[in-house]
Amino acid sequence: VAAQQFLNIMFSVPQLSVRLKDIPAAHYKMVNFYTNYWLENRETLINGRFQATNPAGNYPVLSATYQGKVIKAIYEESVVHLADSSIVHLINAKTSPDIFVKCAQARTLQMEVWDCLGQKLVQRELRLNEGLNILQVPPAGMVILNN
């Protein structure tokens, strides 16, 4: 739940008001992981082409695109259309592990799945079918897809 709070500010400049020495060790790992992630991806998150979809649904998917990289945060059960970008980060800002990805054509990608503490859980090749695919990503975790 603490990680989901961080994910709510992912497309802005994060400002945290916690005493790092006073938070639980797991929270510290999460803050460290997502702060470093934000720093490594700030060009995309801040300077990228920002898109918020479905205002009637309270913007369940936010994305930023910059120089061939797409970062999408999914806040509600939604179908995400996979772009042809060379690098796609899908952040699961929901409480369920399913991310629904729709592909215009079948493709094979390299996949990494991370939890919110910065632990890489999966690294393998992924075959996505044309149409709807379901990826398993821990709540507040992410999947990184590369061509």
Side-chain angles (χ1 to χ4, degrees), residues 1-16 18 20 26-147:
V1 172
Q4 288 172 328
Q5 298 300 312
F6 196 103
L7 298 178
N8 287 333
I9 59 170
M10 185 62 68
F11 294 90
S12 63
V13 177
Q15 296 180 6
L16 304 175
V18 296
L20 294 177
H27 286 198
Y28 183 84
K29 285 183 181 180
M30 177 275 298
V31 168
N32 187 54
F33 173 64
Y34 273 122
T35 299
N36 287 329
Y37 176 83
W38 187 91
L39 288 169
E40 291 168 10
N41 293 283
R42 66 181 162 220
E43 285 298 317
T44 302
L45 292 165
I46 299 300
N47 297 324
R49 184 176 51 82
F50 180 74
Q51 183 177 12
T53 61
N54 190 6
N58 291 322
Y59 304 103
V61 178
L62 303 178
S63 66
T65 305
Y66 186 74
Q67 296 183 346
K69 181 189 291 183
V70 176
I71 298 175
K72 292 184 182 237
I74 301 121
Y75 297 92
E76 293 290 330
E77 300 298 342
S78 299
V79 175
V80 176
H81 296 269
L82 196 62
D84 288 332
S85 298
S86 57
I87 302 171
V88 178
H89 296 199
L90 301 175
I91 300 171
N92 185 7
K94 309 178 288 88
T95 57
S96 66
D98 295 335
I99 293 183
F100 302 97
V101 176
K102 187 172 183 180
C103 296
Q105 61 188 25
R107 57 199 284 200
T108 301
L109 302 166
Q110 294 300 312
M111 174 179 76
E112 295 177 358
V113 177
W114 296 79
D115 70 10
C116 68
L117 301 179
Q119 298 175 59
K120 189 186 301 183
L121 304 175
V122 176
Q123 181 171 2
R124 67 176 175 86
E125 190 172 87
L126 172 68
R127 175 77 178 157
L128 293 172
N129 299 314
E130 180 180 340
L132 192 62
N133 299 268
I134 302 173
L135 304 179
Q136 295 292 301
V137 179
M142 76 173 71
V143 60
I144 299 175
L145 304 171
N146 290 299
N147 285 332

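Two residues are said to be in side-chain contact when any heavy atoms from C-beta on lie closer than 4.5 Å; Gln110 and Glu125 meet this criterion. Residues Ile144 and Trp114 have side chains in contact (heavy-atom distance under 4.5 Å, counting atoms from C-beta outward). With a 4.5 Å cut-off on side-chain heavy atoms, Met10 and Trp38 count as touching. The shortest side-chain heavy-atom distance between Tyr28 and Leu20 falls under the 4.5 Å cut-off. A heavy-atom distance below 4.5 Å is found between the side chains of Ile91 and Ile71. Between Leu109 and Asn146, every side-chain heavy-atom pair lies at or beyond the 4.5 Å cut-off. Contact annotation: the side chain of Val13 approaches that of Ile46 to within less than 4.5 Å [non-hydrogen atoms, C-beta and beyond].
Annotation: the span from Leu45 atom CG to Leu62 atom CG amounts to 10.5 Å, rounded to 0.5 Å. Atom OG1 of Thr53 and atom CD1 of Ile74 lie 9.5 Å apart (nearest 0.5 Å).
Looking only at atom types and distance, the side chain of Ser96 has a donor-acceptor partner in the side chain of Glu77 under 3.5 Å away.
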Step-by-step side chain to side chain contact (heavy atoms under 4.5 Å, CB included) determination, Lys102 to Val80: CA-CA 6 Å; Lys102 187 172 183 180; Val80 176; over 6 Å; no
Residue pair Asn54, Ser78: steps toward the side chain to side chain contact (heavy atoms under 4.5 Å, CB included) verdict: CA-CA 10 Å; Asn54 190 6; Ser78 299; over 6 Å; no
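In summary, the aromatic rings of Phe50 and Phe11 are positioned with their centroids under 6.0 Å apart.
Using a 30° and 60° split on the angle between ring planes, Phe6 and Tyr34 fall in the parallel class, below 30°.
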